[in-house]
Amino acid sequence: GAQMVATGRRLAAVVSNSADAERRAVDAGRRSGDLAHPLPFVPEWHKAEFKSAVADMKNSVKDRGNCQVSCAASFIYEHLHPTFDAAWLHIDIAGPASHAERATGFGVALVLAFLGVAPFA
């Protein structure tokens with residue numbers, strides 16, 4: 001849902017804490033044909049969205065208009081191990097991954113290109 005609002009049915013949304021990983025994912029999308037568009041990663045803007053009276057965080061947001069894909073990436077980020085100190089990347093493919101209730105295969109070539117696997121390297 002949120003990814004399709006942000007980037008539509010044909011482009012993945014990319015969120016990362018690393019400008020280099022983000023650029024590499026967008027470039028991989030261009031090489032593979034599985035296009036991706038970067039979205040902002042600003043976890044401090046979204047932390048309040050996950051407040052809960054009964055849990056550390058809730059897995060939904062209060063404000064549906066507050067860049068939900070970035071909120072989802074922030075949720076993932078908050079669940080990384082506290083000592084994890086490296087680049088990470090979230091590629092949201094909800095929209096382009098299916099058509100007429102069938103899988104499209106979108107994202108496979110994107111990941112292979114990101115990893116440098118031939119023929120997409």
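Side-chain atoms are counted along with the backbone in the values below, which use heavy atoms only and exclude waters and symmetry mates.
- Judged as a side-chain contact (heavy atoms from CB on, under 4.5 Å), and not counting sequence neighbours, the contacts of H37 are T7, L11, L39.
- Between D27 and R24 there is no salt bridge, since none of the side-chain N atoms of the basic residue sits less than 4.0 Å from a carboxylate O of the acidic one.
- Residues A36 and V14 approach most closely at CB-CG2, 3.3 Å, considering heavy atoms.
- Contact between R31 and A113 at its shortest, heavy atoms only, is NH2-O, 2.8 Å.
- Remark: D85 CG is loosely packed, at most 12 non-hydrogen atoms of other residues, nucleotides or ligands lying under 6.0 Å away.
- Residues L110 and I91 share a closest heavy-atom pair of CD2-CG2, 3.7 Å.
- Nearest approach of L89 to A21, heavy atoms of both residues: CD1-O, 4.1 Å.
- Residues I76 and F41 do not share a hydrophobic cluster, defined by chaining ILVMFWY side chains whose heavy atoms lie under 4.5 Å apart.
- Put simply, the side chain of T104 never gets that close to the backbone of H99: no donor and acceptor are under 3.5 Å apart.
- In terms of heavy atoms, A12 sits closest to I93 at CB-CG2, 3.8 Å.
- Across F120 and A109, no two heavy atoms sit closer than the pair CZ-CB, 3.7 Å.
- Looking at S98, its side chain never comes within 3.5 Å of a backbone N or O of A103 through a donor-acceptor pair.
- When hydrophobic clusters are built by joining Ile, Leu, Val, Met, Phe, Trp and Tyr residues whose side-chain heavy atoms come closer than 4.5 Å, directly or via intermediates, V15 is grouped together with L80.
- D34 places no side-chain N or O within 3.5 Å of a backbone atom of F106 that could act as its donor or acceptor partner.
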